[in-house]
Student: 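Got a structure here, written out as structure tokens. Questions coming.
Order of listing sets the numbers, starting from 1, for every ligand and every atom in it.
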Amino acid sequence: MTPTESQPLEGAAVFNQFASDNYAGICPEAMQAMQEANQGFVPSYGDDHWTERACHCIRELFESDCQIFFVFNGTAANSLALASLCRSYHSVICGDMAHIETDECGAPEFFSNGTKILHVPGILGKLDLVEVEQAITRRADIHYPKPRVLSLSQATELGTVYSPEEITAASGLAHRYGLRVHMDGARFVNAVASLDVTPAEISWKAGVDVLCLGGAKNGMAVGEAVLFFNRELADEFEYRCKQAGQLASKMRFMSAPWIGMLESGAWLRNARLANARARQLERDLSQIDGIRIMHPCQANSVFVEMSEVAAAALRQAGWRFYSFIGSGGARFMCSWLTSEEDLSQLAGAVRLACGGR
Ligand SMILES: *Cc1c(COP(=O)(O)O)cnc(C)c1O
């Protein structure tokens, strides 16, 4: 529904939100690339020069001749990638906060026909390798779903990031036991920006076999790319995409934005800006009485503890944010579109909600 003069959207002029980075629109570079691709007739289903060029850009960026597929969203990317790594009697080990466990409505299990997710306690959103090894070695009998994949989220659901060494250690452990390594990279670009490393250093060079690379939260309209660094694992993946309703007929509009983002450098600029805004917000909020920062801010989110009363007052004032980690925990998420003005307005509102002035 589009807003009309007589019926404006709630807070249409200033929409006060730090709910998610996917509340932000399409960045100019992605939009322009989509517009450029909107010319005349072009072959469908990915058999076009835009898609070929997008794959080329991604391969250059990752310094790898990886196999690439474009799907509509992260849930599909993760689920289909995991399904391709597993058989139905296998299991996937991940942290207990992992998106694949908590936020995909069972899609990984659904698309893999029964592969079980085994979630283990993490530390600040990251895998605890002691727990992982226990989950892998707990049982070796036929009654236990055989561990086949270790899945990491980079950046994590709690806004922390794994260093290259941490990823190498996790994948080393996984590979020692014959597991493959999947990375949920919905915010991979934020991790690259935060660590100041190359994409290769925190993916295939650190032992990642399959990466689900996020586009939407980075500024694209829609779409994630699935990168198979080990091409054998991509066998028949195109059939999975088609069967799951994830093969875009007008593929050029999913692939061209990647060209715009990568060739212009917007992917990194956007991620750096979102991260910088979150750091600034962390500094601003940490100075308010009644606010405690919960996790180190290493990507584009800030998690704080505040009283229920303060959180309710903030919502009452029209602010949108998620609170799903413990009682009183609130997540404020920054994006490529978050302005300094947005930050100071939020900080002011939080101060008020906490009873300060
Ligand atoms: C947003 C997100 C996804 C993708 O979610 P979709 O809504 O399916 O695109 C995947 N993993 C993590 C960690 C996310 O934050």
Side-chain angles (χ1 to χ4, degrees), residues 17-26 30 69-83 92-111 117 119 122 124-127 149-162 167 170 181-194 202-203 208 210-227 240-241 244-246 248 254 257-258 267 270-271 274-275 278 295 297-303 320-325 331-337:
Q17 77 81 29
F18 277 77
S20 181
D21 30 7
N22 58 25
Y23 273 47
I26 307 170
F69 300 87
F70 299 101
V71 297
F72 291 106
N73 60 28
T75 298
N78 286 332
S79 302
L80 297 175
L82 292 172
V92 174
I93 297 174
C94 66
D96 50 11
M97 299 282 176
H99 198 270
I100 58 168
E101 157 66 13
T102 63
D103 287 298
E104 299 191 351
C105 197
E109 292 93 333
F110 175 77
F111 282 111
I117 303 273
H119 55 96
L124 293 174
K126 295 195 240 179
L127 291 169
V149 173
L150 181 63
S151 175
L152 306 79
S153 303
Q154 173 79 320
T156 71
E157 288 75 5
L158 296 191
T160 50
V161 304
Y162 290 92
I167 300 168
V181 179
H182 162 262
M183 181 172 274
D184 175 347
R187 299 193 182 89
F188 182 84
V189 292
N190 299 92
V192 171
S194 172
I202 53 168
S203 56
V208 174
V210 183
L211 169 69
C212 296
L213 177 63
K217 287 168 180 160
N218 189 218
M220 289 170 38
V222 66
E224 320 273 297
V226 184
L227 279 59
R240 288 187 192 281
C241 291
Q246 291 289 323
M254 295 248 293
W258 286 98
W267 69 278
N270 286 357
N275 290 0
H295 322 294
C297 165
Q298 297 175 338
N300 58 329
S301 57
V302 182
F303 285 79
R320 289 206 194 176
F321 54 95
Y322 289 173
S323 14
F324 57 97
I325 312 281
R331 183 188 80 170
F332 298 106
M333 186 64 84
C334 297
S335 72
W336 66 272
L337 192 57

Student: What part of S153, side chain, backbone, both or neither, has a heavy atom within less than 4.0 angstrom of ligand 1?
Tutor: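 Answer for S153: neither.
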Student: Which atoms of ligand 1 sit under 4.0 Å from any heavy atom of A186?
Tutor: 2 (C), 3 (C), 10 (C), 11 (N), 12 (C), 14 (C)
Student: Using a 3.5 Å cut-off on N or O atoms only, is E104 in polar contact with ligand 1?
Tutor: no
Student: So I202 and Y162, do their side chains get closer than 4.5 Å, heavy atoms only?
Tutor: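 Answer no - side chains too far apart.
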Student: Which protein heavy atom lies closest to atom 13 (C) of ligand 1, and at what distance to 0.1 Å?
Tutor: E157 OE2, 3.4 Å
Student: Would you mind checking which non-hydrogen protein atom is closest to atom 14 (C) of ligand 1, with the distance to 0.1 Å?
Tutor: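 Nearest neighbour among protein heavy atoms for atom 14 (C) of ligand 1, to 0.1 Å: K217 NZ, 2.8 Å.
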Student: Who pairs with F332 by ring-ring contact (aromatic ring centres under 6.0 Å, His included), at least two apart in sequence or on another chain?
Tutor: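 With sequence neighbours excluded, F332 shows a ring-ring contact (aromatic ring centres under 6.0 Å, His included) to F321, given in chain and number order.
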Student: Would you say the side-chain atoms of T156 and T160 include a donor-acceptor pair closer than 3.5 Å?
Tutor: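 Yes, T160 and T156 have a side-chain donor paired with an acceptor closer than 3.5 Å.
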Student: How far is atom 4 (C) of ligand 1 from its nearest protein heavy atom, and which residue and atom name does that atom have?
Tutor: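 For atom 4 (C) of ligand 1, the nearest protein heavy atom is G74 CA, 3.4 Å.
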Student: I'd like to know if the side chain of N300 reaches the main chain of C334, judged simply by a donor and an acceptor atom lying under 3.5 Å from each other, with no hydrogens or angles considered.
Tutor: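 Pair found, side chain donor or acceptor close to backbone of C334.
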Student: Taking the side chain from Q154 and the backbone from V161, do they hold a donor-acceptor pair closer than 3.5 Å?
Tutor: no
Student: Tell me: protein heavy atom nearest atom 5 (O) of ligand 1, and distance?
Tutor: H99 CE1, 3.4 Å
Student: Which option, N78, T75, L158, owns the non-hydrogen atom nearest atom 7 (O) of ligand 1?
Tutor: T75
Student: For atom 11 (N) of ligand 1, what's the nearest protein heavy-atom neighbour? Residue, atom name and distance, please.
Tutor: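 Here the closest protein heavy atom is D184 OD2, 2.7 Å.
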Student: Backbone, side chain, both or neither: what part of E224 comes under 4.0 angstrom of ligand 1, heavy atoms only?
Tutor: neither
Student: Calculate, to the nearest 0.5 Å, the distance between atoms CD and CD1 belonging to E157 and I100 respectively.
Tutor: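 Reported value, rounded in 0.5 Å steps: 8.5 Å.
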Student: Within the 3.5 Å criterion, strictly below it, is a donor on E104 or H99 matched to an acceptor on the partner's side chain?
Tutor: yes
Student: With sequence neighbours left out, what residues match S20 under side chain to side chain donor-acceptor pair (under 3.5 Å)?
Tutor: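 With neighbours one apart ignored, the set is N22.
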Student: Under 4.0 Å from a heavy atom of R187: give me the atoms of ligand 1 that qualify, with their elements.
Tutor: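 Checking each atom against R187, I get 15 (O).
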